[in-house]
Novice: 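Please find one structure pasted underneath; my questions will follow.
When reading the values below, keep in mind they use all heavy atoms of this one structure, side chains included, and skip hydrogens, waters and symmetry mates. From a predicted model like this one, the values you see are computed outputs, not experimental measurements. Sequential numbering from 1 along the given sequence is applied to the chain's residues.
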Amino acid sequence: MLKGYYPENVFSYFQTIASIPHISGNEKEIADYIEKVANEHGLYCEQDPFHNVLVRKKPAPGCENMPALLLQGHLDMVGEKTADSSHDFLKDSLRLVVREGFLSAEDTTLGADDGIAVAMMLAVLTDSSLRHGPLECLFTVDEESGMTGAMQFDYAKIQAKRVINLDSEEEGTCIVSCAGGADIMYHFPYETAHSPYKCARIKVSGLAGGHSGADIHLARGNANRILARFLYQQYQNQPFNLVSFDGGDKHNVITGESCAVITCADFEKLKKEATQFKKQVAGELSKEDAAFTFRLDFIGARERVLSYRQTHRVLLCMFMAPEGVLSLSKEPEINLVDVSSNLGVVRTEENEITLAYLMRFNTASKYHEWLARYQALAALLDVRIEETGFYDCWEKTEKSSLEKIYIREYEKLYHGQKPRIAGMHAGVECGFIKKGLGEQAELISIGPNMYDIHTVKERLDLLSVGRTYGLLLKLLAAE
């Protein structure tokens, strides 16, 4: 399918990667494939107990005295699919589609984040014609669901102090900082009550969704937030019992669909309120959310409902907890958003209702301020709060020699055009790598143009891959 596109070796590896299931937590098969390729080419290779893979390649002749360089990318992908797709991310290959210069996957995410990095690294490792110094490639696991691979890796094994992370999604942009993050979870016990009323099902769908860091500033609607807003308003007018509230299944995705069931004493009144609310919200949303729907259905009674008290506390928490863009950067030319939060998952289980927020921050000191606000709300509501999965940010430093080399080689390759130097309001593993290698380590993050990552609309610019790979080869050869 991808024959004829430059660079052919990169796209050949990407096709193979797409054929191997590799969502977060299911990376052993692809880690074994990396090890197999390395062994076939006589390269040093080590797979650790977490399935991170480190591969080393000796310097090209005459390049022995060049500084060692580490290339890094992650093996896992986010698995999202359309509602009617039967794709099984644990066993099925992705079905690649080329259309108008872009690569995508039929009915699923593409996994170019970060499969194209893995493909480029394999192409570099297996091409004996390239000029480069001592080279290391680190393939990490579980980046998308917590960065535990980068967190658990033993960095004493790394010799390089210069690092190029290949997990960026914008050609011509050199990332020099990234956000840290943590999951903030509220746990509400399911206090059972009984109600004589039948129930209504309310569903929000059709929203564009997107990456909860890279897309958070685009003002796309969050289905959990929209539905909670409607229910909180209705509860003020006429208290009801919440039966269930379920929306989203990944903390790092802006939720595109959410559904709740509530008791309903006056369906016609609720229907009228819903129609007005739908019109109001549709007028607030961006054009990316044009397919927004707000559906109300009358259904039968439920034996088990949530108490009025607990219903009010759940809705109040969702209505009041910080969400969206919380703070802007003091250096907007480097990074627009400084602190954000995404209500990514709401789940009703047998014994509790959980609300899961992913908070991101580019300034470490601000994290604790916003965490204190979540904790204060939990104390007021007398609900258990849990902080998990913390990872630190990669804060901007003075311009490094590696960054200067990038700027020089970019301007040469792009005929004098200057690159953009920026921060990223998303998590890449550079924070862990920087901490593991020490303050003297120099890091940048680059990548080709990708769009709508973490959604079924994810697509990769094929020509951009060729240009970015060409730049990478120049960086490898630079002294």
Novice: Could you tell me whether the side chain of S12 and the main chain of E8 form a donor-acceptor pair under 3.5 Å?
Specialist: no

Novice: Mind checking whether F89 and P21 have side chains closer than 4.5 Å, heavy atoms only?
Specialist: no

Novice: Mind listing the closest non-hydrogen atom pair of L135 and L71 along with its distance?
Specialist: CD1-CG, 4.0 Å

Novice: Consider only side-chain N and O atoms of S205 and T293, and report whether a donor and an acceptor are under 3.5 Å apart.
Specialist: yes

Novice: Can you tell if the side chain of V37 reaches within under 4.5 Å of the side chain of L125, non-hydrogen atoms only?
Specialist: no

Novice: Run the side-chain contact (heavy atoms from CB on, under 4.5 Å) check on E144 and N252 step by step: do they pass?
Specialist: CA-CA 8 Å; E144 299 291 3; N252 57 358; 3.8 Å; yes

Novice: Does any N or O in the side chain of D76 come within less than 3.5 Å of the main-chain N or O of H22, such that one atom is a donor and the other an acceptor?
Specialist: no

Novice: Whether E257 and K203 form a salt bridge (side-chain N of Lys/Arg under 4.0 Å from carboxylate O of Asp/Glu) is what I want to check.
Specialist: yes

Novice: State, with a plain yes or no, whether a side-chain heavy atom of N224 is found less than 4.5 Å away from one of S258.
Specialist: yes

Novice: Between the side chain of S85 and the main-chain N/O of T82, is any donor-acceptor distance below 3.5 Å?
Specialist: no

Novice: Walk me through whether T363 and E395 qualify under side-chain hydrogen bond (donor to acceptor under 3.5 Å, both in side chains).
Specialist: CA-CA 7 Å; T363 304; E395 293 200 54; 5.0 Å; no

Novice: Identify the heavy atoms of D338 and H425 that sit nearest to each other, and give their distance.
Specialist: O-CE1, 3.5 Å

Novice: Roughly how far, to the nearest 0.5 Å, is the CG atom of L69 from the CD1 atom of I405?
Specialist: 9.0 Å

Novice: Tell me whether E170 is salt-bridged to R420, with the criterion being a basic N under 4.0 Å from an acidic carboxylate O.
Specialist: yes

Novice: Just by distance, do the side chain of D289 and the backbone of F292 share a donor-acceptor pair under 3.5 Å?
Specialist: no

Novice: Charged N to carboxylate O below 4.0 Å: is that the case for E369 and K366?
Specialist: no

Novice: What distance separates E403 CD from I444 CD1, expressed to the nearest 0.5 Å?
Specialist: 8.0 Å

Novice: Does atom NZ of K157 have more than 12 heavy-atom neighbours from other groups under 6.0 Å away?
Specialist: yes

Novice: F432 and Y155: aromatic ring centres closer than 6.0 Å?
Specialist: no

Novice: When rounded to the nearest 0.5 angstrom, what distance separates CG in L460 from CG in D113?
Specialist: 10.5 Å

Novice: Can you check whether D142's main-chain N or O pairs, donor with acceptor, with E27's side chain at less than 3.5 Å?
Specialist: yes

Novice: Are the charged groups of R220 and D215 less than 4.0 angstrom apart, N to O?
Specialist: yes

Novice: Which atom pair, heavy atoms only, marks the closest approach of A60 to L130?
Specialist: CB-O, 3.5 Å

Novice: Kindly give the heavy-atom pair with the smallest separation between F14 and G111, and that separation in Å.
Specialist: CE1-O, 4.1 Å

Novice: Do S464 and E171 have side-chain N/O donor and acceptor atoms under 3.5 Å apart?
Specialist: yes

Novice: Measure the spacing between CG of L70 and CG of N165 and express it to the nearest 0.5 Å.
Specialist: 9.5 Å

Novice: Using a 3.5 Å distance criterion without hydrogens, assess whether the side chain of E169 forms a donor-acceptor pair with backbone atoms of P448.
Specialist: no

Novice: Between E458 (side chain only) and A112 (backbone N and O only), is there a donor and an acceptor less than 3.5 Å apart?
Specialist: yes

Novice: What verdict does the ring-ring contact (aromatic ring centres under 6.0 Å, His included) test give for Y6 and F11, after you've listed the backbone C-alpha separation in whole Å, the side-chain angles of each residue and the deciding distance to 0.1 Å?
Specialist: CA-CA 8 Å; Y6 170 81; F11 287 121; 8.5 Å; no

Novice: Are R56 and Q159 side-chain neighbours, meaning at least one heavy-atom pair lies under 4.5 Å?
Specialist: yes

Novice: At what distance, to the nearest 0.5 angstrom, does SG of C137 lie from CE of M120?
Specialist: 11.0 Å

Novice: Would you compute the distance between atom OG of S19 and atom CD of E29 and round it to the nearest 0.5 angstrom?
Specialist: 8.0 Å

Novice: More than 12 foreign heavy atoms under 6.0 Å from NZ of K81: is that the case here?
Specialist: yes

Novice: When you check the gap from the basic side-chain N to the acidic O, do D32 and K36 get nearer than 4.0 Å?
Specialist: no

Novice: Tell me the closest heavy-atom pair linking A426 and C178, and the distance in Å.
Specialist: O-CB, 3.4 Å

Novice: Looking at K434, H74, M151, which hits side chain to side chain contact (heavy atoms under 4.5 Å, CB included) with E429?
Specialist: H74

Novice: Under a 4.5 Å cut-off applied to non-hydrogen side-chain atoms, are L413 and E411 in contact?
Specialist: no

Novice: Please report the C-alpha distance between E288 and S286 in whole Å, then the side-chain angles of each, then the deciding distance to 0.1 Å, and finally whether the side-chain hydrogen bond (donor to acceptor under 3.5 Å, both in side chains) criterion is met.
Specialist: CA-CA 5 Å; E288 287 82 2; S286 65; 3.0 Å; yes

Novice: Between E80 and T108, is there a side-chain donor-acceptor contact under 3.5 Å, judged purely by atom types and distance?
Specialist: no

Novice: Should L476 and V124 count as side-chain neighbours, where that means a heavy-atom distance under 4.5 Å?
Specialist: yes

Novice: Salt-bridge test for E35 and K28: reply yes if a basic N is under 4.0 Å from a carboxylate O, no otherwise.
Specialist: no

Novice: Hey, are the side chains of I446 and Y406 touching, using non-hydrogen atoms and a 4.5 Å cut-off?
Specialist: yes

Novice: Quick one: does any side-chain atom of E323 pair with a main-chain N or O of N342 as donor and acceptor, under 3.5 Å?
Specialist: no

Novice: Does a side chain donor of either S104 or K457 reach within less than 3.5 Å of an acceptor in the other side chain?
Specialist: no

Novice: Between the side chains of R459 and D452, is the shortest nitrogen-to-carboxylate-oxygen separation below 4.0 Å, so that they form an ion pair?
Specialist: yes

Novice: Check ring-ring contact (aromatic ring centres under 6.0 Å, His included) between Y374 and all other residues, then give those that pass, not counting sequence neighbours.
Specialist: Y357

Novice: Donor-acceptor pair, N362 side chain versus G180 backbone, under 3.5 Å?
Specialist: no

Novice: Please check if the side chain of K250 supplies one atom and the backbone of H454 the other of a donor-acceptor pair under 3.5 Å.
Specialist: no

Novice: Considering only heavy atoms from C-beta outward, does the side chain of V78 approach that of S24 to under 4.5 Å?
Specialist: no

Novice: Return yes if a side-chain donor-acceptor contact under 3.5 Å exists between T354 and E349, otherwise no.
Specialist: no

Novice: List the atom of F390, the atom of E387, and the distance in Å for their closest heavy-atom pair.
Specialist: CD1-OE2, 4.0 Å

Novice: Answer yes or no: does atom CZ of R408 have more than 12 heavy-atom neighbours from other residues, nucleotides or ligands under 6.0 Å?
Specialist: yes

Novice: Decide if atom NZ of K161 counts as having more than 12 heavy atoms of other residues, nucleotides or ligands within a radius under 6.0 Å.
Specialist: yes

Novice: The criterion is ring-ring contact (aromatic ring centres under 6.0 Å, His included); which residues satisfy it with F245, sequence neighbours excluded?
Specialist: none

